[in-house]
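Inspection log for the structure reproduced underneath, given as structure tokens.
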Amino acid sequence: MTVEEAIALVEHVIEQGQLNKVQALVLREAWQGKSYLEIAVAAGYDPGYIKDTGSKLWQRLSEVYGVKITKLNFQRVLKQIAYQTPANLPANQWVKPRADWGEAIDVSTFYGRAQELTMLQDWIVQDRCRLVTLLGMGGMGKTSLSVKLAEEVQSEFTSLIWRSLRDAPPIDELLPTLIQALSQQQDAELPTSVGGKLSRLIELLKQFRCLIVLDNFETVLQSGKRAGIYRDGYEMYGELLKRVGEIAHQSCLVLTSREKPQEVGMMEEDQTIKLWEFTPHPSPLG
Ligand SMILES: Nc1ncnc2c1ncn2[C@@H]1O[C@H](COP(=O)(O)OP(=O)(O)OP(=O)(O)O)[C@@H](O)[C@H]1O
Ligand SMILES: [Mg+2]
């Protein structure tokens, strides 16, 4: 969740419908962890006035949401609220959180991989990577890790979709699923061309902070020596990776694959494109 989404969420529930300039300033700066004094000094306000504005805002939000909200916990509480489906408020009052896990496996018995998880989370949350690939041979734990990772970072996102490409869906079938899952309102009419659908998806990735996980990406690639090349008819998956990697947006696409897609190789220099490779355990026979 970004601070702008938090502001939108708050503005949906306060009666004046909009935060005033000072309230928005306090919310934005407090989101960054600034003290009232720091906020006041930086913006040239009286510290008492800033503190008072903050206290009243948390008080108002506490009343609206029925939980105690303070400067210390407001970020966590707003994220929690955004990710719950609120039973007591009309749907149009929310920046709707969405999580579509598809056929993601249960990872409640997941063990280990703490270091990898921390590193991958940093790539997604701190470094704001746009494309993260988990590469490894069959059975190494790519699917499990991708689900665990998505669970850990989901509170950072407005919406999430996890899909397996096991059955090699044509991209023209996958894109509408992604678009519907990630858009905050139903897209009644989608562009007919694949390129048009791709553009619509990229718009959403700019507009909201979305997490897409595509498992088994190797199914759209040719197996054999022409590594990283697409199967006939699946070339637009390459275009998807290229656009997600190259265009500025606030979302993240995580892939798992047995083979490295060529775009991932080509864009490796880019700071926001990362690859993590499972290293096989050394064979006991040497
Ligand atoms: N960290 C883990 N903790 C517990 N079980 C794990 C872990 N990682 C993997 N497994 C188990 O190992 C098996 C293989 O893992 P997984 O299916 O994630 O591998 P994969 O790399 O996705 O394989 P494939 O390439 O065939 O899709 C599964 O049964 C999974 O539950
Ligand atoms: Mg798998």
Side-chain angles (χ1 to χ4, degrees), residues 99-126 129-157 159-171 173-175 177-178 181-182 210-238 240-241 244-245 251-265 267-268 273-285:
D100 179 344
W101 289 96
E103 293 175 12
I105 55 170
D106 177 12
V107 287
S108 52
T109 57
F110 188 90
Y111 57 84
R113 302 233 178 258
Q115 272 183 327
E116 290 92 330
L117 273 169
T118 305
M119 180 190 71
L120 294 167
Q121 280 177 45
D122 283 350
W123 286 356
I124 294 174
V125 178
Q126 255 105 63
C129 283
R130 294 194 285 254
L131 180 60
V132 173
T133 307
L134 310 179
L135 191 66
M137 295 186 308
M140 297 218 64
K142 300 180 295 294
T143 300
S144 313
L145 187 61
S146 76
V147 176
K148 187 73 183 169
L149 176 64
E151 282 185 1
E152 305 261 303
V153 297
Q154 74 163 314
S155 65
E156 295 293 323
F157 293 87
S159 44
L160 169 162
I161 181 164
W162 190 101
R163 278 292 182 275
S164 168
L165 304 185
R166 198 182 315 129
D167 302 325
I171 197 162
E173 281 173 25
L174 179 74
L175 287 173
T177 313
L178 299 182
L182 301 175
C210 312
L211 178 65
I212 303 175
V213 183
L214 298 180
D215 190 30
N216 299 106
F217 196 80
E218 72 279 348
T219 59
V220 301
L221 299 172
Q222 288 184 14
S223 52
K225 50 181 188 279
R226 298 184 65 217
I229 309 284
Y230 292 85
R231 284 171 56 181
D232 283 348
Y234 288 84
E235 295 81 5
M236 285 302 272
Y237 273 97
L240 168 69
L241 301 198
V244 167
S251 301
C252 179
L253 170 60
V254 174
L255 303 178
T256 86
S257 186
R258 294 184 187 185
E259 286 182 50
K260 181 156 97 177
Q262 57 175 352
E263 290 74 18
V264 172
M267 298 189 291
E268 243 162 351
I273 316 266
K274 301 265 193 192
L275 173 75
W276 187 74
E277 198 162 353
F278 285 77
T279 39
H281 293 294
S283 143
L285 300 173

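For ligands, and for the atoms within them, numbers begin at 1 and follow the listed sequence. The figures here come from the full heavy-atom set of this structure, side chains too, leaving out hydrogens, waters and symmetry mates.
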Those protein residues which place at least one heavy atom below 4.0 Å from ligand 1: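 If the criterion is a heavy atom under 4.0 Å, then ligand 1 touches T109, F110, Y111, M137, G138, G139, M140, G141, K142, T143, S144, N216, R258.
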
Holding to ring pair (Phe, Tyr, Trp, His ring centres under 6.0 Å), I want the full list of residues that pass it with W276, two or more places apart in sequence or in another chain.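 So W276 forms a ring pair (Phe, Tyr, Trp, His ring centres under 6.0 Å) with F278.
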
Shortest non-hydrogen contact from I171 to M236? CD1-O, 3.5 Å

Any idea which heavy atoms bring V132 and I124 closest together, and the distance?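 Nearest heavy atoms, V132 then I124: CG2-CG1, 4.2 Å.
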
Protein N/O/S count near the Mg ion (ligand 2) (criterion: distance under 2.8 Å): 1

Do [X] side-chain atoms and [Y] backbone N/O form a donor-acceptor pair below 3.5 Å?
X	Y	result
D100	G102	yes
S251	L211	no
Y237	P261	no

For E103, look at atom CD and say whether over 12 heavy atoms of other residues, nucleotides or ligands are found less than 6.0 Å away. no

Can you list everything that forms a salt bridge (Lys or Arg N to Asp or Glu O under 4.0 Å) with E151? Sequence neighbours excluded, please.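 Scan of E151 (salt bridge (Lys or Arg N to Asp or Glu O under 4.0 Å), adjacent residues dropped) gives none.
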
Whether K260 and E268 form a salt bridge (side-chain N of Lys/Arg under 4.0 Å from carboxylate O of Asp/Glu) is what I want to check. yes

